[in-house]
Structures are given as structure tokens and as C-alpha cells.
Engineer: 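Below are the C-alpha cells for one structure; questions will follow.
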Amino acid sequence: MLTYFNALTDPNMVFLRYALFAGLLAAPAFGIIGTYVVARRMTYLAGAIAHCVLGGIGAALYCQARYELPWLTPMLGAIVAAIGAALLIGLISLRSHERVDSVIGAIWVLGMATGIIFIAKTPGYIDPMSYLFGNILMITGRDLLTIAVLDVIVIGLGLLSYNRMIAVCFDEEFARLRGIRTELYTLLLLCLTALTIVLMVRVVGIVMVIALFTLPAATASHFSTRIWQMMLFATLLGMISVAGGLSLSYGLDLPSGPTIVMLAGFFYLTVIIGKGLKNKLR
Amino acid sequence: MPLQIPAVQCEQVSFSYGEIPILTDVSFSIQKLDAVALVGPNGGGKSTLLKLILGLLTPQTGTIKVLGVTPQQARQKIGYMPQHLQYDPSFPVSVMDVVLMGRAGSIGLGRYSAEDRRIAMQAMAELAVDGLAPRPFNSLSGGQRQRILIARALACEPEILLLDEPTANVDPGVELQFFEILKELANRVTVLTVSHDLGFVSQMVSRVFCVNRQVKIHPTSELTGEIIHEMYGGDVRMVRHDHCCSEQGHSHADIL
């Protein structure tokens, strides 16, 4: 543990510090938006958005190398793809008469396949694993700045729309009857979800990012009687998972993304098993 | 008598889900401060009629006017209590949060004002549930929840109150108290209530609409066992306005 704190201040281990900052910055966004997503039961949609992000990352990497566009960073590609996927998925789930889950499943897979194909065709070797499962070695100072800006946008909009978002999540029909444009709020929530996903792609990767959405919020829901409490607890649990996971992964020489997610999952399972036992003993 | 805009006016309204006709050629008009009960068999179209009045459904033919305008335009003046809440029991909200949702249309992106909170508390006080305000919504009994949902509808400060089965989960002991509250409300707002319990509603409303594909109207003063039997066991009939009702029952000349 002590070596971990030493490592955090070691100038040669700046990536570890960046990863911790990124995780702590992202935790409130995950806590707030994750609570809405869990309460609205949109986890599946969030998963689809997360996997589409790979398409954007792949396309950005490819264009960057092929057409020499240095500004077209994977982060930018991820943001564009995430927002695009969120709007597409949102409009389909609101408008389509197709089976929505089949369509979402198709988008999920196609987005990911696009990314893998682009990455394979990009000149030079790029390891898709680092995008799928996260790689804290790749976090740059600029990424951190982008994360901070996105964070402010997500938290700001998430809190501003608090009362109406709750009304829409709780009883959409009633909210619509009160003159709230519920479709707009659904799309807003999906876009905020998309941006939140981008925040943590670097640290835990697109496959596992969904865990940080649902696990802290689902754990928190067992201790909360109000939405804001759930958001607060989810944020704290997210911070503990990131800080604890990074420290464990450093100490035990484990990949950091999976360790963070394992810790978040451990909290969740402990709570539901504990609750189950308590109910049995009663 | 001065010409008054009716609270609800339906003209030759027909609605079907796909091939299945739910309501056929329904016409009626409800004056302001009228108290009306919708009764009829399950699947007869009572809830559909409410949703048409709310503008959640659009009729295939015919027109519906609410307070002289389209249902969508009038929505802000309607308070609605749904029969089933598509409600997630693990959703962590307090009773106050739920009632405040009646005010959600007016807050924009901001927060609820002190005025919003006052209106919400007053609505709860009217239903004698203001003591429940800080409680978690999912800790309430079915009957308490029902009242909270009526309070939420009242918090909209409606001119028309649409209640879908308000007594469905209410204990018999509480029902009488409930009935007094609804009767009180009927003095201030136009009340449309769907109910299975004809005995219950007939005391508080002035007219009973029998909804079974079509709508037949009975003034409560003329309700007899015979008519009630006819309402539930009857065939599909043309729409009759209440002036067509007599001691002999309906004219059946227009049976389809």
C-alpha cells in the first residue's frame, strides 16, 4: 500500500496519477448518470452505446494514420461515435416498430465490428485489447483535460435536469401529460450516457465500462430512499472502486481495468448476498 | 343560461386497436363541475376513453374537445390518476417527490419553488395523507399509494380530474372516508371517475356513463337494479343521451 502511494508521487509513474485522477473525476458522472440509467432500466442501451464507441475509435485511428489528420484523435472519434450511437439508438427505441432489442443488438455488434475492421486496416500495429479492456499507460495529460470538460458538462446537465428527469424516469406517461417533452429527455439521458462512457474508456475499456455504470448505482440503491442519495453513494462507491482497484492492481501486478471492475462487482455481490442472508435470518 | 364551453365534448368518436373496435360512434358532452362515473365490463373501453380525453390516444374518426380545445392543448388543466402505475418498486423516491411530479410541467430545468411545495402539501392535506410526505413511496400500502396518486393529480391544479379506478386498492373501512373526499372535490372540479363499484360511485356522481363499445348515459336518479343489470349484461347499443332514458329504459330502435 505504501509503495502505491510512493508510486503516485513518482515522476516516472505519472500514468498512475493520471489514471487515478481520471477515475476520481469520472466517478460523479457515473454516479449521477448511472443512477438514472439503472432507475430507467436502460443498461442494455448503455451497453450498445459503449460498444459502438469502438467504431469511432477505429475510424479515428484509421483516418489519423491514413490521411494524416493529427487532430482526429481516438478520443474525438469516441465522442462522435458515442453521441451518434446514442441518438440512433434513442430514435429507434422511440420510433421503431421493429423489435427494439434486436435492432439494438445489431447496432451493438456492427459498431464493434466496424471498429475492429478499421483498426486492422490502420497502418502500423495497434492493439485493440487496450481499447476493449482499458490501458492506463495510454492516458495523456490532454485526455485528462478532455475528461474534465466532459465531466463538467455531464454533471451540470445531469443535475440541472434532476427534477424533470426523475419525473420522466418514474412515470413517463404522467410526465408527458404535464407537458414535459419526454422524448427529448430520453435522448438527453442517452447522450449524457454516451459522454460518460467516453470518460472511462481509457481506464477500463469499452467492454467493462458498463460495469461502472450499473454496479455502483445498483449497490447504492440498497441504501437509498431518495434519488440524490443513490447518486451520492454511487459516486463514493465509484471512487472507492477506482482508487482501491488501481492500488490493488499496482500491488498485485494485475491489469487495472478488470481489477477496478472486480472490486465494484465485489461490493455489489456482498451487498445483495448480505441482504439476502439478513432477510433469511429474520 | 349562458353558453358555456363543455369540459369534455365527444362527437362521433370511434377508436380501435388494429382490427379490434374498442369504441364505436361515441358522442357525449360533460359540463363543467359535472361529476360523471364511467362503468362497464372489463375491456369495454373505459380506460381507452380516458386516454382519448387525455390525448394519449387519437380517435380514428370523430373529434374530442376538452375545455373547448384539443386534448393536447388542454392537458395542463387535466389531473390524471392512472389505474396502474408502471412503477419500479426499487425506485427510490419519497412521497413528496411523487406528489411534486404534478408540478413538474412548470419548473423548466430548475427546481421546485416554495409555492410548488405548498401546493403539493395542500393536495396531500386534502386527501389526509400529508403525514406521509417524507416516507419512501415504496413503503406505502396500496390504498395509501392510491391517495398519493390522486394528490399528485390534484397538485396539477386541474380543472378536470380523471380518476381510473380510484377505489381499486382501498380497504372497505376507508372507502367511506374516501367517498367524502371525492364528493368534496366534485364541488370544485369536474370529476370523471372510472369504477367497478357502481354502488360506490352512484352516491357521488350525477350521471353514470355505461361504456361497452358504446356509451350510454344514465342520470343516477334513475338507476334501478334493472338498468344496472342491463348495463353489464346488455348488448351493444347506440349512444343515447340522458334525455332518452325513461322509466321504461332505453329506446332500442338503434341496436346494431
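Residue numbers start from 1 in every chain, and the chains themselves are labelled A, B, ... in the order their sequence lines are given, proteins ahead of strands.
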Engineer: Please indicate whether B/E184 has more than 12 foreign heavy atoms, meaning atoms of other residues, nucleotides or ligands, lying under 6.0 Å from its CD.
Structural biologist: no

Engineer: At a heavy-atom separation under 4.5 Å, does B/Y80 approach chain A through its side chain, its backbone, both, or neither?
Structural biologist: both

Engineer: Quick one: of B/R135, B/Q76, B/R103, who has the most non-hydrogen atom pairs under 4.5 Å with chain A?
Structural biologist: B/Q76

Engineer: Less than 4.5 Å to any heavy atom of chain B: does that hold for the side chain of A/F174, its backbone, both, or neither?
Structural biologist: side chain

Engineer: Is it true that, when you exclude A/F266 itself, more than 12 heavy atoms of the residues, nucleotides or ligands shown sit nearer than 6.0 Å to its CZ?
Structural biologist: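 Atom CZ in A/F266 is not packed in, count stays at 12 or less.
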
Engineer: Under 4.5 Å from any heavy atom of chain A, what part of B/F137 do you find: side chain, backbone, both or neither?
Structural biologist: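 Just the side chain, heavy atoms under 4.5 Å.
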
Engineer: Is B/I78 close to A/L177 at the side-chain level, that is, under 4.5 Å between some pair of heavy atoms?
Structural biologist: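 A/L177 vs B/I78: side chains apart.
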
Engineer: Which region of B/L54, side chain (C-beta onward) or backbone (N, CA, C, O), has a non-hydrogen atom less than 4.5 Å from a non-hydrogen atom of chain A, or is it both or neither?
Structural biologist: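 Contact with chain A: backbone and side chain both.
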
Engineer: Could you name the residues of residues 21-47 of chain A that have a heavy atom within less than 4.5 Å of a heavy atom in chain B?
Structural biologist: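 The stretch touches chain B at A/A39, A/R41.
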
Engineer: Please examine the side chains of B/L100 and A/N163, heavy atoms only from C-beta on, and report whether any two atoms are closer than 4.5 Å.
Structural biologist: no

Engineer: So for atom CD, which belongs to B/Q12, do other residues, nucleotides or ligands contribute more than 12 heavy atoms lying within a distance under 6.0 Å?
Structural biologist: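 Counting other residues, nucleotides and ligands, CD of B/Q12 stays at 12 neighbours or fewer.
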
Engineer: Scan for salt bridge (Lys or Arg N to Asp or Glu O under 4.0 Å) pairs involving residues 174-190 of chain A, sequence neighbours excluded, and state none if there are none.
Structural biologist: A/R95-A/E183

Engineer: Most heavy-atom pairs under 4.5 angstrom with chain A, which of B/S139, B/G55, B/G102?
Structural biologist: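 Most heavy-atom pairs within the cutoff with chain A belong to B/G102.
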
Engineer: Hey, which residues of residues 215-234 of chain A are touching chain B, say heavy atoms under 4.5 Å apart?
Structural biologist: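 Heavy-atom contacts from residues 215-234 of chain A to chain B are A/S224, A/T225, A/R226, A/I227, A/M230.
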
Engineer: Is it true that atom CE of B/M121 has more than 12 heavy atoms of other residues, nucleotides or ligands lying nearer than 6.0 Å?
Structural biologist: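 Result for CE/B/M121: enclosed.
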
Engineer: Any sub-3.5 Å donor-acceptor pair from A/R164's side-chain atoms to B/A104's backbone N or O?
Structural biologist: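 Side chain of A/R164 to backbone of B/A104: a pair is present.
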
Engineer: Please give me the minimum heavy-atom distance between B/G105 and A/I180, naming the atom from each residue.
Structural biologist: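 It is CA-CG1, 4.3 Å.
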
Engineer: What part of B/R152 lies closer than 4.5 angstrom to a heavy atom of chain A: side chain, backbone, both or neither?
Structural biologist: both

Engineer: Sequence neighbours left out, what pairs pass salt bridge (Lys or Arg N to Asp or Glu O under 4.0 Å) with at least one residue falling in residues 64-79 of chain B?
Structural biologist: none

